[in-house]
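Worth knowing before you read on, the calculation uses all heavy atoms, side chains too, and leaves out hydrogens, waters and symmetry mates. Everything numeric here is computed off the predicted structure, so don't read it as measured data.
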2 protein chains.
Amino acid sequence: MVTKQFSGLPDEADLRRADSLAREIFSDVANKWALLIIEALGERTLRFSELRDEVEGISHKMLTQNLRMLERNGLAERKVHPTVPPRVEYTLTEPGRALRATVDLICDWTHRYLGHIEGARRRFDS
Amino acid sequence: MVTKQFSGLPDEADLRRADSLAREIFSDVANKWALLIIEALGERTLRFSELRDEVEGISHKMLTQNLRMLERNGLAERKVHPTVPPRVEYTLTEPGRALRATVDLICDWTHRYLGHIEGARRRFDS
DNA sequence: CTGAATCCTTGCCGATACTG
DNA sequence: CAGTATCGGCAAGGATTCAG
């Protein structure tokens with residue numbers, strides 16, 4: 001990651017920094033809207049407005065906010081076409097697609113256990 | 001899932017219901033604290049207080065709140081030992097463990113791309 | 001069409017106190 | 001020790017407006 005001058009081994013400070021960074025990334029990514037956007041993007045390239053239609057219930061603001069975050073972390077790429085009206089397209093980068101694979105698994109999980117969960121809820125709610 | 005009286009095929013209403021349920025479950029589960037708790041539990045059985053120590057930075061309230069949610073959805077099991085002082089233990093159920101497997105993948109992902117992301121951030125922030 | 005900025009409301013979340 | 005309830009601050013997030 002970072003080239004140390006006097007040792008190839010990370011020291012404690014490095015490990016703590018990496019941990020807190022990992023935690024930060026996890027917090028960025030482990031939120032509903034971010035994951036839904038990633039899932040919506042998939043392998044496709046979508047415009048801002050297409051994304052807003054695709055991600056059910058997301059507001060203009062949440063979409064831009066999360067797209068900025070994804071772009072900042074290098075998970076999505078933002079391509080501006082200097083036309084009028086402007087046309088902005090978003091695509092997942094390779095790290096983004098790798099993350100999407102895991103999101104897919106969560107979706108699979110959701111559907112596989114839909115019945116279990118529905119039952120569990122009924123039992124709990126009584 | 002639900003046995004229909006006149007048709008084995010789900011009608012549109014069923015599909016819409018299933019979708020909104022899936023979305024609801026996804027929203028429950030796709031949040032930082034829930035995922036961190038699931039990850040902390042792993043294959044172990046932990047007491048409330050152990051969990052609080054294990055999940056860095058979580059408050060008493062968030063912990064109970066999320067544990068209730070996990071219990072309600074049948075992802076974690078809550079076992080009360082009627083001793084004094086009380087002793088309450090939490091364990092992941094099979095659906096919970098299945099979900100944890102995917103959370104593990106997200107953690108792996110985080111660590112694998114830590115460097116990419118750090119670089120992307122530096123570039124973006126300038 | 002995108003996006004930034006503003007206001008304003010809602011609800012999250014932490015702190016605290018109290019029960020069993 | 002574990003859980004619930006209450007209160008309050010503050011940040012998340014919605015609606016709207018303006019700009020490029």
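Counting to the nearest Å, the C1' atom of D:dT4 and the CZ atom of B:Arg68 are 10 Å from each other. If you measure from atom CG of A:Leu63 to atom P of C:dC1, you get 14 Å, rounded to the nearest angstrom. One interatomic measurement links the two molecules: CZ of B:Arg78 to P of D:dA2, which rounds to 10 Å at whole-angstrom precision. Taking atom CH2 of B:Trp33 as the reference point, atom P of C:dC13 lies 9 Å away to the nearest angstrom. What separates CG of B:Leu46 from C1' of D:dA2 is a distance of 15 Å, to the nearest Å. Between the CD1 atom of B:Ile58 and the P atom of C:dC12 there is a distance of 15 Å, rounded to whole Å. Rounded to whole angstrom, the span from the CD1 atom of B:Ile37 across to the P atom of C:dC13 amounts to 11 Å. In this entry the distance linking NZ of A:Lys32 with P of D:dA12 reads 16 Å, nearest Å.
Between C:dG3, D:dC1, D:dG3, one nucleotide has an atom nearer to the side chain of A:Tyr90 than all others, and that is C:dG3. Looking at the side chain of A:Met62, the nearest of the listed nucleotides D:dG3, C:dG3, D:dG13 is D:dG13.
Both B:Val80 and B:Leu41 are assigned to one and the same hydrophobic cluster, defined by single-linkage of ILVMFWY side chains at heavy-atom distances under 4.5 Å. Following chains of ILVMFWY side-chain contacts shorter than 4.5 Å, one cannot reach B:Leu105 starting from A:Leu75, and the two form parts of different hydrophobic clusters.
Checked for salt-bridge contact, A:Arg87 and A:Glu89 meet the test: a charged N lies under 4.0 Å from a carboxylate O. Salt bridge status for B:Arg23 with A:Glu56: absent, with no side-chain N to carboxylate O gap under 4.0 Å. Between B:Arg121 and A:Asp28 there is a salt bridge, since a side-chain N of the basic residue sits under 4.0 Å from a carboxylate O of the acidic one. Salt bridge A:Arg44/A:Glu54: present, at least one basic N to carboxylate O contact under 4.0 Å.
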All N/O pairs under 3.5 Å across the protein-nucleotides 15-20 of chain C interface:
none

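Of the listed residues (B:Lys79, B:Glu77, B:Arg78), just one forms a side chain to side chain contact (heavy atoms under 4.5 Å, CB included) with B:Tyr90, and that residue is B:Arg78.
Between A:Thr64 and C:dA4 there is no side-chain N or O to OP1 or OP2 distance below 4.0 Å. OP1 or OP2 of C:dT2 has at least one side-chain nitrogen or oxygen of A:Arg47 nearer than 4.0 Å. For the OP1/OP2 pair of C:dT2 and a distance below 4.0 Å, the side-chain nitrogens and oxygens of A:Arg87 include no atom meeting the criterion.
If you check every strand for non-hydrogen atoms under 4.0 Å, B:Arg52 touches nothing.
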